[in-house]
Amino acid sequence: MLIQTLAVAAALSSVSLCQLTRAEPQTGAMPPVGFSELHCSGDGVTDDTPCLQAAVNAAKNGELRVPVPAACYRITKRISIAAPIRIEANGSKLCMDIPLADDSTAGRLFDISSSQVTINGLCIDGSLGAAGALTGGARYAFFAAGTKAHHITNIHLGHNTVTHLTQSDEKRPASKKVCFGVYLQYVDDSDVTESEIDTVSGTAVHFVSTRRVSIERNKITSPGWGGIVAYGGNHEFDIGFNRVTGSVASPTMRILAAQNGDPTSLTFETPHGLKSGDKIVIYGGREKWQQLNFTSSSPNVQVTVLDSTNITVPVDSTAFGPVAGRLHAIPTSATTRYWAGSYDVPSNEAVTDGPNEDASIHDNYASGFHMYGAVYRVGSVKHLVINNNVAEHIESGTGQVTMVAVSARCAELDCSTRGLRDITIEKNRFVAADRYQMCIYIMNKIPHNGTDLPAATGITIDDNKCVSSQDRHWCFANAIVVNGKDGGIRNAHVRGNQVQGDDTLPGAIVGGVISIIADAGASASSISVVNNSVSVCPEASSTAHSIGIEAGPYSTETTIDNNTISGFETAIAVDRRAVRASIGRNRYSNVRREIKR
């Protein structure tokens, strides 16, 4: 299935913006009774809003065909769709000249309040409305919403393009006032398919309080908040075969040498392309050099350019000694991601319809971000499968990045109905590409002022690959961590995974490349760790104090059996606070000590 994922990603990447093909009718879509053709100016100057709105109104219960304009249809106000309609555009371009406004209704291009709406083949360019100093509100290319009492159904958005829907310009970071490609709320039996969404300052596809929604085969580039976000209250949704990528403007630059002092002089392997006053993030290295990057308080340093390969930075490295380990830099202007979650299922506490349930996130691809948080981020959820996904070329921003992070969300709430239950993470491939990264992290923690968090149950982590990058420059600190924390975890399985890691890296939060831990009063119990291949990072300069698998504090009845463990100082460590850990017949290679109790 991974091969199929990459093949779909390659096919999507070959389609250029505003040259998408006509989509076939979707299952459940309204058959056209009759059709009409749009006759508006399309010169890019005339305000075509009244013309388009009149055409939409006239074509209700039928089909509106939108011919390719000479330039674009300039739209300055929202287009209301209050009756069933099918719009076929075949790549016709709309220039969305709608500014941000504190009234979010005014910031919508298509405002859909009816069931049975299909829109295919539009290209929406938001760059006109992004000009100038915009300070408030939000913008939406497609906004579809029913009410909590009466959901709308059968909204089908296919083969559309949304581009340059930013807050004020392409380089401005995301904030609370942002833009969305597609926003669905109280919508059932609907889909967003085979569309391109490029450079939005918020979320490309965002849905909340829906049932049976499918987000499939979309190509999403450089979102500001998240690629695809299932915000909460969603049931029976499917996120599959999508491609979410960043577009880092400059490659990571390797630092060959440093001259200790104040300021510090740095020499790059290749011409850096910087100018004095630019800022960079420095990361990597070992020992005292990690002081440059293992902090989120001041991650960026300003450079003074000496020549094409040499700069100085205002850092006192007098006591650092020689450069230890690989040291790298990336220009902060290359940052394309700011928030967590390329594929985000947070079950946010603000959603009163409860957490997400019954979902599949499968065959997706994520690559090319300079970010923090998690690539696949999951909050409170029941019955979720995450399988056959890929994440690679992910660069850490101001802190640690995790490929898959699962943790309950119930701040300020009664957590008793917002636990973690029946989550399967299987057959994914995650490649470490930067500093301080974790692969799969399950933590059942009570958020701020939450209460009564139940134990997480039915957690399965099977047949995943958490491996080093191809050039072996990077690897994960911890590969798989199951942390009972406050609520506890029961009946979890970690089986058949292939992982590489180095738990001596500063990004490691616990001992062990695979680790089972909890806190006092909330054990991690009945956890099996079997049939895994666990090895130390290929580039590890030292394996001193390294651990392959650890039955950590307050783990109870952990079974560690039939694993292959190689390259560590200690293959298996059992903490003195662990209870009834069972160590079976494991295979050891190039380890100093097999078992430490």
Side-chain angles (χ1 to χ4, degrees), residues 23-33 52-53 55-64 66 75 77-89 94 98 103-122 124 138-160 162 180-195 197 202-216 218 228-239 348 350-354 356-359:
E24 294 300 318
Q26 302 291 324
T27 301
M30 179 203 64
V33 175
L52 178 57
Q53 182 66 74
V56 166
N57 294 344
K60 67 180 181 180
N61 298 312
E63 178 176 306
L64 176 64
V66 182
I75 307 300
K77 296 181 178 64
R78 73 186 180 108
I79 301 297
S80 175
I81 299 179
I85 191 173
R86 181 182 185 90
I87 298 176
E88 287 289 348
L94 270 65
I98 299 175
D103 176 8
S104 62
T105 303
R108 303 169 188 173
L109 176 55
F110 288 100
D111 189 358
I112 302 168
S113 58
S114 170
S115 297
Q116 302 285 354
V117 173
T118 296
I119 302 177
N120 285 326
L122 279 175
I124 297 171
R139 294 195 298 160
Y140 309 83
F142 299 98
F143 185 98
T147 66
K148 188 169 184 176
H150 300 286
H151 289 207
I152 59 175
T153 64
N154 290 297
I155 308 301
H156 305 291
L157 305 175
H159 294 260
N160 298 294
V162 179
F180 299 84
V182 177
Y183 193 104
L184 308 176
Q185 185 170 17
Y186 303 129
V187 173
D188 299 343
D189 301 303
S190 300
D191 51 70
V192 180
T193 58
E194 299 189 74
S195 295
I197 302 177
T203 299
V205 180
H206 186 106
F207 58 106
V208 56
S209 300
T210 68
R211 291 183 180 274
R212 297 174 298 280
V213 162
S214 175
I215 314 296
E216 289 197 341
N218 300 286
I228 299 171
V229 176
Y231 199 56
N234 299 293
H235 297 261
E236 301 177 65
F237 61 90
D238 183 273
I239 300 173
N348 192 280
V351 180
T352 58
D353 296 322
N356 294 304
E357 292 187 17
D358 301 312

Can you check side chain to side chain contact (heavy atoms under 4.5 Å, CB included) on F207 and V192, steps first, answer last? CA-CA 11 Å; F207 58 106; V192 180; over 6 Å; no
Grab the two heavy atoms, one from [X] and one from [Y], that are nearest each other, plus how far apart they are.
{"X": "A59", "Y": "L64", "answer": "CB-CB, 3.9 Å"}
{"X": "Y186", "Y": "T210", "answer": "N-CG2, 4.4 Å"}
{"X": "A83", "Y": "S114", "answer": "C-OG, 3.2 Å"}
{"X": "G181", "Y": "A141", "answer": "O-CB, 3.2 Å"}
{"X": "A89", "Y": "G121", "answer": "CB-O, 3.4 Å"}
{"X": "I197", "Y": "V205", "answer": "CD1-CG2, 3.8 Å"}

Any donor-acceptor pair under 3.5 Å from [X] side chain to [Y] backbone:
{"X": "T203", "Y": "H206", "value": "no"}
{"X": "D358", "Y": "F237", "value": "no"}
{"X": "Q116", "Y": "I85", "value": "no"}
{"X": "D188", "Y": "R211", "value": "yes"}
{"X": "N160", "Y": "S195", "value": "no"}
{"X": "R139", "Y": "I98", "value": "yes"}
{"X": "D191", "Y": "T193", "value": "no"}
{"X": "N57", "Y": "A55", "value": "no"}

May I have all residue pairs that pass salt bridge (charged side-chain N to carboxylate O under 4.0 Å, His left out) and include part of residues 145-157, sequence neighbours excluded?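 As it turns out, the salt bridge (charged side-chain N to carboxylate O under 4.0 Å, His left out) pairs with a partner in residues 145-157, which skip direct neighbours, are K148-D353.
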If we only count heavy atoms from C-beta on, is the [X] to [Y] side-chain gap below 4.5 Å?
{"X": "S80", "Y": "Q53", "value": "yes"}
{"X": "L94", "Y": "F110", "value": "yes"}
{"X": "V351", "Y": "S209", "value": "yes"}
{"X": "I81", "Y": "I119", "value": "yes"}
{"X": "E216", "Y": "I239", "value": "no"}

All side chain to side chain contact (heavy atoms under 4.5 Å, CB included) counterparts of A144, not counting sequence neighbours: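 Checked A144 against side chain to side chain contact (heavy atoms under 4.5 Å, CB included); matches are I112, I152, I155, L184, V187.
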By side-chain hydrogen bond (donor to acceptor under 3.5 Å, both in side chains), R78 pairs with (sequence neighbours left out) D111
Worked verdict on I87 versus T118 for side chain to side chain contact (heavy atoms under 4.5 Å, CB included): CA-CA 6 Å; I87 298 176; T118 296; over 6 Å; no
I need the H156 NE2 to S214 OG distance, nearest 0.5 Å.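 Going from NE2 on H156 over to OG on S214, the span is 10.5 Å.
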Could you measure the distance from the CG atom of L157 to the CD atom of E194? Nearest 0.5 Å is fine. 13.0 Å
Apply side chain to side chain donor-acceptor pair (under 3.5 Å) to residues N234 and N356 and explain how you reach the verdict. CA-CA 5 Å; N234 299 293; N356 294 304; 3.0 Å; yes
Please determine whether side chain to side chain contact (heavy atoms under 4.5 Å, CB included) holds for the pair L52 and I75, giving the CA-CA distance in whole Å, both sets of side-chain angles, and the decisive distance to 0.1 Å. CA-CA 8 Å; L52 178 57; I75 307 300; 3.8 Å; yes
Taking the six-membered ring where the residue is Trp, are the ring centres of Y183 and F142 under 6.0 Å apart? no
Starting from the C-alpha separation in whole Å, work towards a yes-or-no answer on side chain to side chain contact (heavy atoms under 4.5 Å, CB included) for R212 and H235. CA-CA 6 Å; R212 297 174 298 280; H235 297 261; over 6 Å; no
